[in-house]
Every structure is written in structure tokens, then in C-alpha cells.
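Data block below; observations after.
Quick caveat, the model's predicted, so the values are computed rather than measured. All heavy atoms count here, side chains included; hydrogens, waters and symmetry mates do not.
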Amino acid sequence: MSGQAYSIEMPQGWQSPVVIASPHSGSNYPKTFVSQSILDANRLRSSEDAFVDQLFAAAPRLGMPLLTAKMPRAYVDLNRSSDELDPALIEGARRRGQNPRIASGLGVIPRVVANGREIYRGKIPMDEAMARIDDYWVPYHAALQRLLDASHTRFGKAILIDCHSMPHEAIESCSPRRERRPQIVLGDRFGAAADAAIVDQVEAAFAEVGFRVARNSPFAGAYITQTYGRPFRHQHAIQVEIDRSLYMHEADVAPNDGFDDVRARLTLALQRIAQLGEDLAPMAAE
């Protein structure tokens, strides 16, 4: 199932310790899943980080691997722990203390999409939930760790840039003034997931191409950042959230007139981010 779970585009020459990943831009919606849902196609896609993989598509030609999930977040959420099973959705799942993500319907198998819209009419079998985890969650995370391990071997460190998009309404509360609202939010778990000097350089890369950048508010990083951010092992993880309204019509899930400009500016930012390891001698990719 790994071929259906993710894709990896490797650079011709692996020249940077940076790994670019997009775990929520998958858009392969199984027909059986769509038929189970009570939502129309656009509402079902409202949790998807649509087009984020395209925005960061230049990574391989800049010397960085690009890992992209193929399955949608509404089907299986790769940014959750595999044991975050929602008893309100999955038959036989047990309650395990207070977990606000599960309580809100956003476990590893989501019960809702954006704005709390229910996906299903009722519960789904435990076997179905575990099959999604085994077939898609496990292969994606195994591939991600392999890339980080290989980067660490080549360069002495690994830097994960975990790419996401955020609904515009999520940042409207950050500032009453439009000109001060962040367009990109970096999440490093308040310093726990990445060395501050690396986060400073990533922030500067986005700021230099004209984006307003904030850290950790309203998004500080979730399971992936928390799990793979191990600065003491020279493995760093930074979550990147981009305001969707900059490049897409959120209601229609379609690129808007700003798409090409945002992609061009992100490519320029990636050029600088790729240089985070320029002080290290790269080895040829196998």
C-alpha cells in the first residue's frame, strides 16, 4: 500500500539536510469513503491543505526531498498519533483520558471536517479504522523517518519543514488589524522541536520574500512536530502554516489569482532554506 500512501520526489543531488513534507495535501478520496459521507465534495475537502504540495514543488530541484501524502486528511490524519481513536466514531474504541483533539472529532480518523461538520451518519468498524492506519499512516511515517535518518547520515543533522495551510478565519483573531495578521505561522512547540537559530533562519527566509511571519500562535505544531523534533539529536522539526486565502478560493477549493505569486515567493524562500546546511559537505544521492 505504500505506493498509494505517499510519493517521494528525490533531488538529483541531495545537497541539503532539509526534508520538505506535506502530510495534509492528499486528495485521493476513495469512492467508498465518499459514499459513506453525508458531506458534498467541497465540504469534505475543507480540511485538506489543498495545493500545498504544488506550492513547495520546487524543493527537489533545490536539493531537498519532497514527501507528499496521497490520502486526504478527512480519511486519515497523519498529524495525529495512531492511537488517537475516537470512541464517538469508531466501534470498540475506548476512552483514554482527556484528549481535546479526540473530543472535538479530530483524532487519527477524523469524525468532522472544518467548522465541526460531521463526516459520517454513524460509527465505522474498528477493522476499517485500523486498516486505514496500517495502509496509510504507518507507511507515511516510516518513509518520513527514513528520509530524516538518511539526511542525518549525510549531513550530521536533519531539518523537517512540515508544510500546511490554515483557514483565513483561523488568523483573523490574531490581530484586529489586517496589516498585522500573520500570513505564515511557524510552529516549533515553543522552542522544543527545533534549535532557535534554525527557526530564526527559516523565519527570515519567508520574511525576506514579503510574508508576515509569526511563531506558535495560533498553531504551535502537532503530532509530527512533537514527535520528530529532537534538537538534542540534531533532528529539528518546524511546522509551516500558510494562509489559504493568499492562494486559493477556500469555498471552491480552487487556486485564486495569487497562486502563482505565492508559489514563486515560496520558491525563493526555499532557496534560502536549502542553504541551512551549506556549511556541511553534501554527499551524492544514491
Side-chain angles (χ1 to χ4, degrees), residues 4 6-7 9 20-59 66-80 104-106 109-121 132 136 162-175 178-179 181-185 187 206 209-214 218-219 222 239-267 269-270:
Q4 299 177 35
Y6 62 85
S7 65
E9 188 173 353
I20 306 295
S22 177
H24 282 166
S25 58
S27 57
N28 291 351
Y29 288 80
K31 291 181 179 179
T32 53
F33 171 58
V34 174
S35 66
Q36 282 179 305
S37 177
I38 59 177
L39 300 175
D40 62 37
N42 278 355
R43 288 184 177 177
L44 197 57
R45 295 187 68 187
S46 61
S47 291
E48 179 187 320
D49 289 347
F51 316 116
V52 165
D53 54 336
Q54 297 178 37
L55 293 176
F56 288 89
L66 174 63
L67 171 65
T68 304
K70 292 186 177 181
M71 303 305 289
R73 178 186 186 182
Y75 187 71
V76 57
D77 193 338
L78 304 176
N79 203 17
R80 296 289 183 266
S104 62
L106 296 173
I109 308 297
R111 174 166 41 89
V112 303
V113 293
N115 296 316
R117 299 185 183 96
E118 295 279 344
I119 298 174
Y120 306 90
R121 291 182 176 84
R132 295 186 196 182
Y136 304 108
D162 194 50
C163 303
H164 299 260
S165 65
M166 53 187 175
H168 181 71
E169 65 180 10
I171 57 171
E172 287 183 334
S173 60
C174 292
S175 172
R178 180 183 298 273
E179 66 273 14
R181 292 172 187 162
Q183 297 169 318
I184 288 180
V185 175
F206 289 120
V209 295
F211 292 110
R212 295 189 298 275
V213 186
F219 303 106
Q239 179 176 282
V240 177
E241 296 273 4
I242 306 169
D243 178 359
R244 291 177 186 168
S245 70
L246 296 176
Y247 67 89
M248 66 177 280
H249 298 290
E250 295 184 68
D252 298 332
V253 195
N256 64 20
D257 292 341
F259 184 88
D260 289 339
D261 174 68
V262 170
R263 181 169 56 183
R265 286 196 283 154
L266 288 174
T267 298
L270 282 177

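Contact check for F56 versus I242: side-chain heavy atoms found under the 4.5 Å cut-off. Using a 4.5 Å cut-off on side-chain heavy atoms (C-beta onward), H24 and N79 make contact. Considering only heavy atoms from C-beta on, L44 comes within 4.5 Å of F33 through its side chain.
Closest approach of S245 and H168 over heavy atoms only: OG-ND1, 3.2 Å. Across every non-hydrogen atom of A57 and L66, the tightest pair is CA-CD2, 4.0 Å. Between P23 and A69, the shortest heavy-atom distance links the atoms O-CB, 3.5 Å. Nearest heavy atom pair, residue V76 against residue Y136, reads CG1-CB, 4.0 Å. The two residues A269 and F206 make their nearest non-hydrogen contact at CB-CD2, 3.7 Å. Residues P218 and A170 approach most closely at CG-O, 3.7 Å, considering heavy atoms.
No donor-acceptor pair closer than 3.5 Å links the side chain of N115 to the backbone N or O of R117. Panel note: side chain Q183, backbone R212; a donor-acceptor pair is recorded below 3.5 Å. With hydrogens and angles ignored, the 3.5 Å screen pairs no side-chain donor or acceptor of S25 with any backbone N or O of F51. Here the side chain of S37 pairs a donor or acceptor atom with the backbone of I119 at under 3.5 angstrom.
When the side-chain contact (heavy atoms from CB on, under 4.5 Å) test is applied to V262, the partners found at least two apart in sequence or on another chain are L55, F211, L246, Y247, R265, L266. The salt bridge (charged side-chain N to carboxylate O under 4.0 Å, His left out) search around R132 returns E128, not counting sequence neighbours.
Considering CD1 of I171 and CZ of F219, their distance stands at 8.5 Å, rounded to 0.5 Å. Considering CE of M248 and CD of E48, their distance stands at 7.5 Å, rounded to 0.5 Å. Atoms CG and CZ, from D261 and F259 in turn, are 11.5 Å apart once rounded to the nearest 0.5 Å. Atoms CG and CZ, from L106 and R80 in turn, are 5.5 Å apart once rounded to the nearest 0.5 Å. We find the CD1-CD distance between I20 and E9 to be 12.5 Å, quoted to the nearest 0.5 Å. Atoms CG and OG, from D77 and S47 in turn, are 8.5 Å apart once rounded to the nearest 0.5 Å.
In E169, the CD atom is not crowded: 12 or fewer heavy atoms of neighbouring residues, nucleotides or ligands sit closer than 6.0 Å.
For residues 240-258, the pairs satisfying salt bridge (charged side-chain N to carboxylate O under 4.0 Å, His left out) are D49-R244, with sequence neighbours left out.
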